[in-house]
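Written below as structure tokens is the structure these notes are about.
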Protein chains: 2
Amino acid sequence: MAKVLKTKDKILNAAERLFADQGFELTSLRQITGAADVNLASVNYHFGSKKALIQAVMERYHAQFMPELDERLKTLEGQGINSTEEVLSCFVGPLLSLQRINPLGTEIYLSLLGHAYSEIQGHLRRFTMQNFGHVVQRFFHCIQQANPHLSVATLFWRLHFTLGATVFAQVSGQALSEIAQADFGESATAEDIVGKLIPYLAAGIGAAEVSASARL
Amino acid sequence: MAKVLKTKDKILNAAERLFADQGFELTSLRQITGAADVNLASVNYHFGSKKALIQAVMERYHAQFMPELDERLKTLEGQGINSTEEVLSCFVGPLLSLQRINPLGTEIYLSLLGHAYSEIQGHLRRFTMQNFGHVVQRFFHCIQQANPHLSVATLFWRLHFTLGATVFAQVSGQALSEIAQADFGESATAEDIVGKLIPYLAAGIGAAEVSASARL
DNA sequence: CGCCGATTAAAACAGGCGTTTAATTTAAAC
DNA sequence: GTTTAAATTAAACGCCTGTTTTAATCGGCG
């Protein structure tokens with residue numbers, strides 16, 4: 001069973017793939033319906049509009065990822081937090097479990113986030129904070145506990161640098177992996193990249209604070 | 001003198017602004033010529049095509065930035081390299097001197113890079129390596145000297161994470177600065193952000209290498 | 001079977017895109 | 001002042017976009 005997908009799911013699967021590769025605005029409904037092998041009008045029939053389709057694609061991933069992340073952060077908080085690595089590692093499981101939606105779910109989700117972030121900056125951030133603001137706050141709180149020596153402002157900036165490095169790494173992860181393969185025979189899956197990323201991010205977040213007078 | 005700009009420069013100035021904000025494909029020639037207050041056809045008259053306009057916009061910044069960076073890296077190599085911060089700091093001057101092209105030149109250049117990177121990944125990277133590959137190699141060599149304990153593969157990945165964090169920070173820098181202003185009364189210019197970024201990036205690049213067995 | 005709501009299908013809609021054409025205006029050289 | 005090339009302009013080109021409309025088809029139920 002579950003061999004033949006309904007039209008709605010065929011659209012979602014084709015759309016998330018193309019959105020992740022090209023961004024939302026650069027992907028046309030004709031591309032999506034062509035790849036999904038369904039009629040053009042079926043997008044508007046099942047979802048109402050392109051914008052609603054985008055939200056449906058994001059929702060499927062958010063709904064899987066956010067509660068799982070929240071769970072792990074909550075558990076860690078209960079145990080006491082000692083290092084940034086611990087906190088960042090809470091992301092690994094939830095990110096990898098996105099592969100239950102799609103074998104490439106991890107890359108796709110982070111790519112979607114990256115495109116959403118840069119295409120409709122304020123809009124998405126507002127949406128995310130409204131719907132999952134408590135998860136973001138919990139994460140921030142965990143990072144604060146792991147880095148009590150750092151100011152709130154410093155952590156704010158460093159967490160956004162972290163988001164940038166993560167999203168960017170995944171968006172161009174495949175291309176980079178091909179280069180790495182050619183240059184020194186080392187390819188990397190999305191999971192591999194996350195493993196390389198975490199020590200880097202943790203060190204960056206926890207770096208000693210520089211005084212304003214210590215100019216470069 | 002130099003009070004009234006020629007059509008060609010009016011186009012370039014309007015285009016770089018819109019390209020940086022929205023990306024290349026999402027910016028239309030009608031937007032550009034409307035903002036520049038020139039006729040639509042003048043883009044094709046002066047530049048030949050939209051693609052050629054994009055290259056002209058990038059070229060103006062590359063030509064200013066790359067030689068200056070190369071100069072500083074060369075000087076540093078001559079003095080001997082001790083820390084990652086030293087190497088990263090070589091970017092600050094050349095980035096800030098882009099403000100001679102445009103007061104917002106630093107943000108614009110990094111935004112352009114980010115959009116170019118994610119819109120035409122392979123294409124731009126190939127172009128950059130062909131034209132400025134020696135600068136990239138020199139930079140990589142500097143980073144290697146500053147981090148002799150790290151493998152080439154590790155540095156490869158970490159430098160791309162670094163590029164991601166930098167580009168992302170600048171692309172969404174203004175929006176983040178507004179949030180920071182609202183949340184804890186601290187705004188930030190592009191220069192401020194670079195100052196916050198460098199200790200973060202240097203710590204990430206120089207983080208202790210983790211063995212493959214040390215799973216998260 | 002005949003019905004009937006749900007779904008799919010093909011076609012057309014208005015609007016935006018990059019580009020091209022042809023006519024006009026500008027400005028410098030003689 | 002006339003000539004000539006450069007620059008600007010308005011209009012149209014063909015193509016692609018998201019959306020809507022209208023008709024055809026499918027599936028379960030009485």
Just wondering, do A:R158 and A:N147 contact through their side chains at under 4.5 Å, heavy atoms?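 They are not in contact (no side-chain heavy atoms under 4.5 Å apart), so the answer is no.
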Are A:I198 and A:V92 side-chain neighbours, meaning at least one heavy-atom pair lies under 4.5 Å?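 Yes, at least one pair of side-chain atoms sits under 4.5 Å.
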Roughly how far, to the nearest 0.5 Å, is the CG atom of A:L98 from the CG atom of A:L112?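 Reported value, rounded in 0.5 Å steps: 10.0 Å.
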Five-pair end axes of the helix from C:dC1-D:dG30 to C:dC30-D:dG1 and the angle they enclose, rounded to 10°: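 Between the axes fitted at each end of the helix from C:dC1-D:dG30 to C:dC30-D:dG1 lies an angle of 10°.
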So does B:T7 get a side-chain nitrogen or oxygen closer than 4.0 Å to the phosphate oxygens (OP1/OP2) of D:dT8?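 So the side-chain polar atoms of B:T7 do come within 4.0 Å of the phosphate oxygens OP1 or OP2 of D:dT8, strictly under.
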Judged by each residue's nearest nucleotide on DNA chain D, which is more toward the 5′ side, A:R30 or B:V38?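 So the residue in question is B:V38.
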Among A:N13, A:I108, A:L12, which residue satisfies the side chain to side chain contact (heavy atoms under 4.5 Å, CB included) criterion with A:V57?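 Of the listed options, the one satisfying the test is A:L12.
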Within the 4.0 Å heavy-atom criterion, would you say A:S42 contacts the bases, only the backbone, or no part of the nucleic acid?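 No contact.
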When we call it a touch if two heavy atoms are under 4.0 Å apart, what does A:T33 touch: a base, just sugar-phosphate, or nothing?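 A:T33: no heavy atom of the nucleic acid under 4.0 Å.
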Just to verify, what does A:A41 make a side-chain contact (heavy atoms from CB on, under 4.5 Å) with, not counting sequence neighbours?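 For A:A41 the side-chain contact (heavy atoms from CB on, under 4.5 Å) partners, ignoring immediate neighbours, are A:N39.
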Take the angle between the ring planes of B:Y109 and B:H62 and call it parallel below 30°, perpendicular above 60°, tilted in between.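 Because their plane-to-plane angle is over 60°, the rings of B:Y109 and B:H62 count as perpendicular.
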Can we say A:R138 and A:D70 salt-bridge, meaning some charged N sits less than 4.0 Å from an Asp/Glu carboxylate O?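 Looking at A:R138 and A:D70, the cut-off is met.
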By nearest nucleotide on DNA chain C, pick out whichever of A:Y45 and A:A41 is the more 5' one.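 Closer to the 5' end of DNA chain C: A:Y45.
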Taking heavy atoms of chain A and a 4.0 Å limit, find me the 5'-most and 3'-most nucleotide of DNA chain C within that range.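 The contact span of chain A on DNA chain C goes from C:dA6 to C:dA12.
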Show the numbers, then the answer: is there a side-chain contact (heavy atoms from CB on, under 4.5 Å) between B:V43 and B:K50? CA-CA 7 Å; B:V43 170; B:K50 183 180 179 180; 5.7 Å; no
